[in-house]
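Working notes, beginning with the structure itself.
Counting starts at 1 for both ligands and their atoms, in listed order.
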Amino acid sequence: MRSEICNHPRIVDAETCLAGCTCGGDHPAPEVTLYSGEDAAQMMAEECRAVYGDRPVLLLFDPETYAVAGADLEQRLLSEKVNLTTHQFDSNPVATAALIDTVRDLDHGMALIISVGSGTINDLGKYSASEDQIDFWCLPTAPSMNGYTSGIAAIKVKGVKRTLPAAPPKRIYARPEVIQNAPLKLRQAGFCDVLAKVVSDIDWQCESLLFSGSYCGLPAAMMTTVEKSYSEHGLEIGRGDESAVMGLFHGLLISGVAMSLAGSSAPASGGEHLVSHFWDMREPLTGREPELHGLQVGVGIILSTACYRRLRELAAEDFPRRGEELFAATAAEIPAIWGPYADEVAKQFQGKRDALIQFNTLLPQKWNELQTLFQQVQSPEYFAELFARTGAPFNLEAFRLTKEEFMLAALNSRAIRERITVLDLAAHAGVLDLAANDALQLLSC
Ligand SMILES: [Zn+2]
Ligand SMILES: [Zn+2]
């Protein structure tokens with residue numbers, strides 16, 4: 001039996017990691033490796049047999065991912081005499097605790113779980129494997145989000161979406177032809193998710209400057225090395241050009257690695273992600289089936305960049321010192337917005353109450369340094385135009401969001417997480433309403 005040592009390159013090598021660090025902290029080198037090529041499924045099948053021999057392997061897919069890549073992989077695994085069990089989820093599965101139970105009932109005694117798919121199927125395999133200490137590999141089918149390589153999985157527990165720790169896959173095998181031909185909407189979603197880093201990194205720097213000092217330049221440095229291959233290529237990504245779509249895919253893989261290296265989702269998840277979580281969490285209350293993660297995040301990017309632009313116009317002396325009052329006003333909205341989930345949300349918001357009250361003194365004090373950060377953010381028009389360039393519509397109507405639901409999220413999603421983001425800065429500077437209206441104009445056409 002071949003050893004488990006993998007010859008494929010790691011997605012990011014250890015030296016690159018260390019070079020970009022500005023915090024002096026520990027960044028354990030990510031282990032996940034990538035094999036990319038048209039023979040990736042065959043390579044995966046042979047290596048699966050070589051590493052695991054006769055030990056049982058569980059293959060996960062849904063009807064759509066089975067059609068584009070799963071059936072082919074299954075045949076190859078069987079030809080290599082892999083001891084295979086398969087499980088097909090229904091179309092459009094949601095990563096719920098119930099489906100995790102389904103997978104965990106199947107994975108007893110398994111040596112390996114392989115997911116064929118994107119966000120949800122990856123999260124279901126990754127989380128189950130991680131909980132049951134089973135190896136995990138994946139064959140991605142779309143460049144739709146950055147979760148392939150991250151150390152977290154988004155699972156709905158009792159109707160509330162949670163971000164839970166889950167070990168990233170050991171190996172990823174990618175077939176460019178499959179990635180390239182993923183549906184346009186999935187490519188557009190990945191494009192938005194990877195570009196979120198541009199704003200979330202500034203959110204993190206603001207928070208770090210004001211409170212934690214936890215910022216490290218490493219994630220941003222890692223992204224800078226690949227950014228050019230996708231950021232200016234919305235049109236080509238929309239057309240399905242191989243180099244642009246694979247550039248996007250690599251950007252997403254590196255973004256996930258950057259999160260796991262930083263030990264936090266802060267580098268890739270700021271205020272722009274909160275609105276997406278807000279709509280996911282509101283599903284049981286509104287009945288609106290959430291749109292793809294990346295697309296909702298794209299809407300959040302328009303809001304966040306509108307906030308930064310409004311903040312840029314302010315001087316330190318314009319800052320209203322009404323921390324207590326603003327906190328109380330947002331907290332008062334929680335019961336009506338969240339119904340049965342209000343207690344959980346209130347607890348999160350309470351977690352940053354002290355920090356928000358400190359805004360009264362800290363923000364005017366650090367205003368000049370903050371301004372330097374605000375200046376680095378591009379305009380909402382820039383991003384709206386970039387996202388639309390993929391050829392798919394980018395507006396509230398396309399994402400089945402009403403103006404009311406958009407405004408509700410814009411003004412209140414800051415309450416659902418403890419993390420300080422630009423939405424808190426804008427709210428306490430008195431410009432969140434204005435920024436939300438700016439974003440609404442752009443998203444209504
Ligand atoms: Zn560092
Ligand atoms: Zn994301």
Angle class for the Tyr66/Phe61 ring planes (parallel below 30°, perpendicular above 60°, tilted otherwise)?
->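 Answer is tilted, since the angle falls between 30° and 60°.
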Donor on one side chain, acceptor on other, [X] and [Y], under 3.5 Å:
| X | Y | result |
| --- | --- | --- |
| Gln358 | Asp354 | no |
| Glu64 | Asn92 | no |
| Asp193 | His273 | yes |

Pairwise ring-ring contact (aromatic ring centres under 6.0 Å, His included) hits with a residue in residues 201-222, at least two apart |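 Sorted pair list: Trp204-Tyr215.
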So how many protein N, O or S atoms does the Zn ion (ligand 2) have within less than 2.8 Å?
->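 Counting protein N, O and S atoms closer than 2.8 Å to the Zn ion (ligand 2) gives 3.
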Candidate pair Arg309 and Glu381, rule side chain to side chain contact (heavy atoms under 4.5 Å, CB included), full reasoning | CA-CA 11 Å; Arg309 186 164 61 191; Glu381 286 81 9; 2.8 Å; yes
For the Zn ion (ligand 1), which protein N/O/S atoms are closer than 2.8 Å?
->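 Those protein N, O or S atoms (cut-off: under 2.8 Å from the Zn ion (ligand 1)) are Cys21 SG, Cys23 SG, His27 NE2, Cys216 SG.
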For the side chain of Arg162 and the backbone of Val157, is there at least one donor-acceptor N/O pair under 3.5 Å apart?
->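 It does not hold such a pair.
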Can you sort out the partners of Tyr127 under ring pair (Phe, Tyr, Trp, His ring centres under 6.0 Å), two or more places apart, ordered by chain and number?
->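 With neighbours one apart ignored, the set is empty.
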Would a line drawn from the ring center of Trp137 to the ring center of Tyr35 be shorter than 6.0 Å?
->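 So the answer is no for these two rings.
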